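Some notes on the structure that comes next.
Just so it is clear, the model here is predicted, and its values are computed rather than measured. First the proteins, then the strands, lettered A, B, ... as listed; each starts at 1.
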Protein chains: 2
Amino acid sequence: MTKTPPAKTRATGRATLAEVAARAGVGAMTASRAVNQPDKVSPELRARVAQAVAELGYVPNRAARALASARSKVIVVLVPSLSNLVFTEVLSGIQKALESDGYQILIGNTRYDDAEEEKLLGTYLQSSPDGILLSGLKHSKQVEQMLAAAHVPVVSMMDLAASPDVFSVGFSQELAGYTMTRYLLDKGRKRIGFMGAQGDERMLKRAAGYRRAMEEAGLYDPALVTMVPDPSTIALGAELLGRMLAAAPDTDAIFCCNDDLAHGAIYQCQRRAIAVPRQMAICGFNDLPASAWMNPSVTTIATPRYKVGFEAASLLRKVIDGESPPVRRIDLGFTLMARESA
Amino acid sequence: MTKTPPAKTRATGRATLAEVAARAGVGAMTASRAVNQPDKVSPELRARVAQAVAELGYVPNRAARALASARSKVIVVLVPSLSNLVFTEVLSGIQKALESDGYQILIGNTRYDDAEEEKLLGTYLQSSPDGILLSGLKHSKQVEQMLAAAHVPVVSMMDLAASPDVFSVGFSQELAGYTMTRYLLDKGRKRIGFMGAQGDERMLKRAAGYRRAMEEAGLYDPALVTMVPDPSTIALGAELLGRMLAAAPDTDAIFCCNDDLAHGAIYQCQRRAIAVPRQMAICGFNDLPASAWMNPSVTTIATPRYKVGFEAASLLRKVIDGESPPVRRIDLGFTLMARESA
DNA sequence: TTGTAAGCGTTATCAT
DNA sequence: ATGATAACGCTTACAA
């Protein structure tokens, strides 16, 4: 009683290029060219091959192609989250930039975790990617080593590299944090709190921008800063508002490191009958769709994430194709959206 | 002046299994086994191979493995959207179920578009997936054909198949729509509107459930139904509220086919000073995080999407492994979350 | 423009 | 338990 049926050497069962070639009465190479570089084959043979392909339902085998050509046409993309619209929009931009060239995108969700990133990279490196897109600039030693050993072009997204040798596409997270804080200061707020979560690189840089602005104004006070490592959610924003007020009851504004936190903080203010923005100005970061629609609408920083993805992928493609792009660091900027909440 | 440097036959530059074997002083097959089935190799040789692997920084070549073994260890997942938390959570469940077995997940975003789905499937089939996870039950003829020709196990997610032969994991969208409408009826609402967008399969089934409940109550009225093909967003919800009231000013409740629409409708009510739920009850579908936190909080249907992903992937794995699961259709149910908005 | 031969890195198969 | 050999399906390199 055998479990596996004694199929001989049926392999994949799919038609192969050799079979297509045989059916079309041409050599294997001609069939290959007819499929991949139609211009290099005479119209007549091209048609014959096309017909054989159709009749046999031929589907190219990527593994074989990759093995023979040493080009996988695979791009690995590592993002810290998929539940965050920010990164799904980055992905959209990447897809758009790459869709025309037969690239296959391998998406890895690192969950803001270094160990996970290492694991994913290790796995994905087995697919011999032609290029890699990373979120952020800071990575573990392990990851840096793997990247160096892999000899694969890498472009970093969302932030700007300090070194001009590194490929990076994004905007200055620090400057964005500074800008938002200045806005609040210019509105006359004094006791401006910073609410951060997730403890990731970008949040820390926004916090650094906040601190710089506050120190310049002579108003920096550690009691105003609430940072936790938990994933940022609406629920957490609601909770942190409570902690914030407990630590510094005279807080008159809060810069939330992202919109989820800001939404939660605002909902919580509503429940506690704290008027926003009169008693408490609240602003966020990223400009999620809800921010424009909530009541009150939310002041926030709009970030060009679709474009980040698109430009990063475009840049990567150039590097893969052997071009030496003159600009290795692309600043896409950001926009402060002044609305009702602050 | 050649563009490509005249590198001889450098291929990938990566260490190969043969090199590992040579360094360890064993045959290629032993090295292969030491890597993949350590138990089948003597401890001594296993250690020697392990050391060689470490020294050479050996990374297995998936393409070669797939080609030689006729098993790609690739699972294709097609979802209609990535910007919708529903599907990213489905993905999380899938990842969780598959992470331990070296599977690689190829994610395709069909954007609720048949042509896009065909294109993606065609591309991904080139990777010889061992299995496929699809969203929904309804697919174009093209897609059905490709699937049939590919001879690859398929599991459908999010809805329940009519035929017991089809593998499906989810819950009854129709029943969920019916249940929510009954809830509104039981609350005494008479002029209950249905607001739908995206024109996809699941929305239509929820609408069917709505209609069944309304007809049973003798209250069905086409004027109460607003359906548009546009992607559902908060902004659209706000707009559709206006259309709804224009078409049927006496509407006293709205069943929105998803939470985004519901949120938009509620925000718009707030702007128009329409009291929710007193003048207008509004409910959604999916239970996004904001629904529990908004003011008013939103009555909605909580759906087990993480579990759908997990169970679907688990089922698929069983099928791939040649088991014949007794249950081909798994109903994970749903939960009505009664909150403030309706 | 077309075809031939060789090999990409790995594993299945069958010996030993 | 270990290893030699032959594929896997395709493309590169070179000839014709």
- request: For A:R71 and C:dC8, give me the distance from atom CZ to atom P, rounded to whole Å.
  value: 18 Å
task: Looking only at side-chain atoms of B:T30, point me to the closest of C:dC8, C:dT10, D:dG3.
output: D:dG3
- request: Can you tell me the distance, in whole Å, between the CG atom of A:N61 and the C1' atom of D:dA7?
  value: 14 Å
query: For DNA chain C, whose closest nucleotide is more 5', that of B:A63 or that of B:M29?
result: B:A63
Side-chain N or O of B:S32 closer than 4.0 Å to phosphate OP1/OP2 of C:dT11: yes
query: A:R33 near the nucleic acid: base, sugar-phosphate alone, or nothing, with a heavy-atom cut-off under 4.0 Å?
result: base
message: Strictly below 4.0 Å, N to O, side chains only: are B:D113 and B:R111 in salt-bridge contact?
response: no
query: Between A:L17 (CG) and C:dT2 (P), how many Å, whole number?
result: 15 Å
field: Between P of C:dT2 and NZ of A:K40, the distance in whole Å
entry: 12 Å
Salt-bridge criterion met for B:D159 and B:R202 (N-O under 4.0 Å): no
task: Take the protein atom CG of A:N36 and the nucleotide atom C1' of D:dT11, then report the distance between them rounded to whole Å.
output: 9 Å
Protein-nucleotide distance (A:Y58, atom OH; D:dG9, atom P), rounded to Å: 10 Å
- prompt: Considering only side-chain heavy atoms of A:S69, which listed nucleotide, C:dG3, D:dT12, C:dC8, is closest?
  reply: D:dT12
message: Would you say that A:S135 contacts A:E117 through its side chain, given a criterion of any heavy-atom pair below 4.5 Å between the two side chains?
response: no
- request: State whether a side-chain donor-acceptor pair under 3.5 Å links A:Q104 with B:S127.
  value: yes
Pairing of A:R305 and A:E89 as salt bridge, 4.0 angstrom limit: yes
task: Give the nucleotide from the list D:dG9, D:dT2, D:dT11 with an atom nearest to the side chain of B:S42.
output: D:dT2
- prompt: B:Q37 has an atom CD; how far is it from atom P of C:dT11, in whole Å?
  reply: 9 Å
message: Which nucleotide wins on minimum distance to the side chain of A:L45, given the candidates C:dT10, D:dC10, C:dT2?
response: C:dT2
field: d(NZ, B:K73; P, C:dT10) in whole Å
entry: 17 Å
